[in-house]
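Okay, so here's the structure we're looking at.
Hydrogens, waters and symmetry mates are skipped; everything else that's a heavy atom, side chains included, is used. Given the structure is predicted, the values throughout are model-derived calculations rather than measurements. Whatever order the structure lists them in is the order used to number ligands and atoms, beginning at 1.
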Amino acid sequence: MIVTLLGTGTSSGVPLIGCECEVCRSVDFRDKRLRTSVHLQVGGKSIVIDTGPDFRQQVLREGIRHLDAVVFTHEHKDHTAGLDEVRAYNFRQGIDIPVYARHRVLNQLQTEFAYIFAEKRYPGIPRLRLHEISGEPFDVEGVRFTPIDVLHHRLPVYGFRIHDFTYLTDLNFIPESEVEKIAGTRILVLDALQREPHLSHFTLREAIAVAERFRAERTYLVHISHKLGLHREVEKELPPSIRLGYDGLKITL
Ligand SMILES: [Zn+2]
Ligand SMILES: [Zn+2]
């Protein structure tokens with residue numbers, strides 16, 4: 001499996017328009033973070049988790065020429081806004097793209113992208129095949145995904161375990177019932193927004209505590225705000241097994 005971090009940022013650090021902080025002015029490419037999502041090459045399939053507003057730019061950058069499915073963690077706009085761009089794959093591949101999400105998220109997609117689901121469809125718009133998921137493990141084009149039910153403030157969000165890889169974005173609480181699903185993972189990707197307390201995201205300190213609990217070979221932090229600090233400075237504070245993710249980082253496992 002090859003995991004590519006398509007984006008590791010958040011909407012408040014894109015960088016902010018006109019922001020003069022050292023991260024937004026940094027020339028280190030690792031400080032230039034697009035909205036958080038991930039691409040998986042696994043079992044001969046090409047799957048993305050979330051399609052944020054930067055999706056098109058991300059797949060062009062990574063040269064992703066084929067897409068087998070989209071899986072959603074939750075319905076926030078920074079994770080869904082790029083969905084229209086899958087139409088390029090509809091054209092290339094001549095198929096409907098399967099989309100996997102929980103009931104609430106599918107409803108939201110059908111509201112926000114009503115034209116895609118309209119009875120009278122304008123030519124050339126995306127063609128999707130919706131699949132509702134629940135808390136049970138499910139197969140995406142033959143690849144087993146185990147949902148991990150976590151909380152983003154009060155909003156239930158799905159993390160996913162795929163073989164030895166676990167992806168947990170947009171959360172600040174992991175119920176005890178979900179711990180076993182994460183245990184033994186080799187690679188963990190984990191939300192760490194900023195240093196200051198936040199209503200719906202893990203802080204750096206909280207993320208480190210979670211990473212130390214699960215003891216993955218490597219934990220990569222994502223959904224990072226410009227307020228966290230410069231990539232090279234923050235990494236010096238972290239234990240070797242915990243790294244900051246950066247856009248374009250590839251993990252082979
Ligand atoms: Zn969110
Ligand atoms: Zn988010």
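Of all protein N/O/S atoms, those under 2.8 Å from the Zn ion (ligand 1) are H74 NE2, H76 ND1, H152 NE2, D170 OD2, and waters are not counted.
Heavy-atom contacts from other residues, nucleotides or ligands closer than 6.0 Å to CZ of R56 number 12 or fewer.
Ionic pairing of E235 and R232 is not present here: no N-O contact between side-chain nitrogen and carboxylate oxygen is shorter than 4.0 angstrom.
In this pair, H152 and H74 present their aromatic rings perpendicular. The plane angle is above 60°, beyond the 30 to 60° band.
With side-chain heavy atoms closer than 4.5 Å counting as contact, directly or through intermediates, F91 stands alone and belongs to no larger hydrophobic cluster.
A search for side-chain hydrogen bond (donor to acceptor under 3.5 Å, both in side chains) contacts involving R25 returns nothing, not counting sequence neighbours. E176 is linked by a salt bridge (charged side-chain N to carboxylate O under 4.0 Å, His left out) to R213, counting only residues two or more places apart in sequence or in another chain.
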